[in-house]
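What follows is a short report on a single structure.
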Amino acid sequence: MTGVDILGYSAGAITSLTFLPQVIKTWKVKSAKDISLLMFVIAAINEVMWIAYGALLDNWVIILTNIIVLSMALTMIYFKLKFK
């Protein structure tokens with residue numbers, strides 16, 4: 001593994017944590033009242049596009065990072081609908 005690979009995987013790992021604090025907080029308080037549904041729908045669409053792009057490039061950093069972020073965006077959409 002090269003230094004560039006390490007940088008890519010490290011950046012991907014940190015990016016994957018982007019929505020994690022919000023997911024945890026929403027799950028703990030069981031409220032998504034102040035959460036924007038549209039923001040997470042847009043994020044989910046964006047992640048699907050990044051996954052497709054990563055697949056076309058055969059770039060696993062892009063694919064894995066965006067699969068994780070997509071799962072958190074979809075979790076937030078679920079919480080928004082469930083905790084209405």
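Starting from 1, each residue takes its place in the sequence as its number.
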**Prompt:** Is there a chain of hydrophobic side chains (I, L, V, M, F, W, Y, each step under 4.5 Å between heavy atoms) that links Val48 to Phe19?
**Reply:** yes
**Message:** Quick test of your reading: applying side chain to side chain donor-acceptor pair (under 3.5 Å), list the pairs with at least one residue in residues 4-29, sequence neighbours left out, ordered by first then second residue.
**Reply:** Thr2-Asp5, Gln22-Thr26
Let me have the donor-acceptor pairs involving side chains of residues 69-84, under 3.5 Å, with sequence neighbours excluded, atom names and distances please.
| residue | atom | partner | partner atom | Å |
| --- | --- | --- | --- | --- |
| Ser71 | OG | Ile68 | O | 2.6 |
| Thr75 | OG1 | Ser71 | O | 2.7 |
| Lys80 | NZ | Ala32 | O | 2.8 |
| Lys80 | NZ | Lys33 | O | 3.4 |
| Lys80 | NZ | Ile35 | O | 2.8 |

**Asked** Is there a path from Ile6 to Leu17 through hydrophobic residues (I, L, V, M, F, W, Y) whose side chains come within less than 4.5 Å of each other?
**Response** yes
**Request:** Calculate, to the nearest 0.5 Å, the distance between atoms CG and CE belonging to Asn46 and Met39 respectively.
**Result:** 10.0 Å
**Asked** Crowded around Met49 CE? As in, over 12 foreign heavy atoms under 6.0 Å?
**Response** no
For a quick test of your reading: what N or O donor-acceptor pairs under 3.5 Å do the side chains of residues 55-65 make, sequence neighbours left out?
| residue | atom | partner | partner atom | Å |
| --- | --- | --- | --- | --- |
| Asn59 | OD1 | Val61 | N | 3.0 |
| Asn59 | OD1 | Ile62 | N | 3.1 |
| Thr65 | OG1 | Val61 | O | 2.8 |

**Item:** Linked, directly or transitively: Ile42 and Phe40 (ILVMFWY side chains, under 4.5 Å)
**Value:** no
